[in-house]
Structure formats: structure tokens, C-alpha cells
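We number each residue from 1, following the sequence as shown.
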Amino acid sequence: QVQLVESGGGLVQAGGTLGLSCAASGRTFSIPAMGWFRQAPGKEREFVAAIGWSAGTTYYAESAKGRFTISRDKAKNTLYLQMSSLKPEDTAVYYCAAPRFFRATYRDGNLYDYWGQGTQVTVSS
């Protein structure tokens, strides 16, 4: 089992920056990758970014490219998401997640097995 705990959400003005963290514990040595997803009220959960845990290969949704940066600290078992140029449409609950096994894609939330409790990000206009 892997436990994930997000932190760092909050309220920020449009154009501002915000950083999220996700601390992983448990059987973290088996994690092949980790990702960030978000869900806004009344909308489906959507992929934001993912990173291969070993090599650090990154994957981004089009909406995140150029504005968000995903990274990880393997020694601390911590995942990060640095968000800049935030827009009101970025308002959502952000979740970190991890799959149990290697997957053909890390953009599909249905392929993730472990999820954090989520952290609220609110961007005011």
C-alpha cells in the first residue's frame, strides 16, 4: 500500500503562483510514476501532469504546458507541482496519484491505484 498526502493548496489571484506537494509513504519503492489530476465542481476529473519516478520523464496536459512544472524528490518521496500564470479556470481540487504498475500511459486516471485526499486550489479573477 501507498499513502499520499497533498499540501499547499489555497487562494491565489489570477496570474499568481502556487506550489503543491504530495508526500508518499508505504511501499514507495514500487511506484513507477506519479501524477496530478484535478476536478472542478460539476466537471470530470482531468489529467494535469505526470512524472516517471525513476527517470523523471514528464507528461503534461495541454492546459498545463508552459505554466505548470511537475517534479519529484526521490530521497524525500515527495511529488511537486509548481503552478504559475494561474487562471480562474485552474480552480479545482487537485489530487496526486500513483499507479501500482508500469502503464502504457499515465494520462488516464483510471490506471492509477493510489490517491491522496485532494487539496483545494482557488484562483480569483
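The closest side-chain heavy-atom distance from Glu89 to Val123 is not below 4.5 Å. A heavy-atom distance below 4.5 Å is found between the side chains of Ile31 and Val2. With contacts defined as side-chain heavy-atom distances shorter than 4.5 Å, the pair Val48/Phe68 qualifies. Using a 4.5 Å heavy-atom cutoff, the side chains of Tyr106 and Pro99 are in contact. Within the 4.5 Å cutoff, the side chain of Ser54 has no heavy atoms near those of the Pro32 side chain. Using a 4.5 Å heavy-atom threshold, the side chains of Met34 and Ile70 count as separate.
Side-chain contact check for Asn77 and Thr28: at least one donor-acceptor pair (N or O, by modelled atom type) lies under 3.5 Å.
If you look at Phe37 and Tyr112, their ring centroids are closer than 6.0 Å.
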Item to complete: Apply the test side chain to side chain contact (heavy atoms under 4.5 Å, CB included) to residues Tyr95 and Leu4: give CA-CA distance (whole Å), side-chain angles for both, the deciding distance (0.1 Å), then the verdict.
Response: CA-CA 9 Å; Tyr95 299 89; Leu4 304 174; over 6 Å; no
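A donor-acceptor pair is defined here as one N or O able to donate and one able to accept, closer than 3.5 Å; no such pair exists between the side chain of Trp36 and the backbone of Ala97. With Arg67 contributing its side chain and Ser85 its backbone, the two residues share a donor-acceptor pair below 3.5 Å.
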Which pairs of donor and acceptor atoms, one on a side chain in residues 113-120, lie under 3.5 Å apart (sequence neighbours left out)?
from: Asp113; atom 1: OD2; to: Arg100; atom 2: N; distance (Å): 2.6
from: Asp113; atom 1: OD2; to: Arg103; atom 2: NH2; distance (Å): 3.0
from: Gln117; atom 1: NE2; to: Glu6; atom 2: O; distance (Å): 3.3
from: Gln117; atom 1: NE2; to: Glu6; atom 2: OE1; distance (Å): 3.4
from: Thr119; atom 1: OG1; to: Gly9; atom 2: N; distance (Å): 3.2
from: Gln120; atom 1: NE2; to: Ala92; atom 2: O; distance (Å): 3.4
from: Gln120; atom 1: NE2; to: Thr122; atom 2: OG1; distance (Å): 3.3

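Sorted by first and then second residue, the pairs that involve residues 23-39 and meet salt bridge (Lys or Arg N to Asp or Glu O under 4.0 Å), not counting sequence neighbours, are Arg38-Glu46, Arg38-Asp90.
Between atom CH2 of residue Trp53 and atom CD1 of residue Ile51 there is a gap of 7.5 Å, rounded to the nearest 0.5 Å. Residue Ser63 holds its OG atom at 9.0 Å from CZ of Phe47, rounded to the nearest 0.5 Å.
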